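Remember, it's a predicted structure, so these values are computed and weren't measured experimentally.
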Amino acid sequence: MLLLGENTPVPTPSMTVDPESVTPGFAGFAMIALIVVVVALLIWDMNRRIRRVRYRAEVREQLDAEEAAARGEATDPDADAKG
């Protein structure tokens, strides 16, 4: 008779656990907030370090160009790569 489409009723499970006892609560919120603050500080520090490296590279290129000009060499930075 199961093949003819008769369905047996399925009982609905009842709640056995208090919904308030399975929430993350304040401790979960505090941990997520702490992670967000730490990640924001890491991103800020990374940007600061990358900016510092970029500025050092620009200053180094500028100094190299000044030294080359003082020696009377070509100031084209791609001259070494071309020839």
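Summarising the geometry, atom CG belonging to D45 is positioned 10.0 Å from atom CD1 belonging to I50; distances are rounded to the nearest 0.5 Å. The CD atom of E61 lies 12.5 Å from the CD atom of E66; values are rounded to the nearest 0.5 Å.
Within 6.0 Å of CZ in R49 there are 12 or fewer heavy atoms belonging to other residues, nucleotides or ligands.
R60 and D64 are not joined by a salt bridge, as no carboxylate oxygen comes within less than 4.0 angstrom of a charged side-chain nitrogen. A salt bridge links E67 and R71; the closest N-O separation between the charged side-chain nitrogens and carboxylate oxygens is under 4.0 Å.
Other cluster members for F26: F29, joined by side-chain heavy-atom distances under 4.5 Å among Ile, Leu, Val, Met, Phe, Trp and Tyr.
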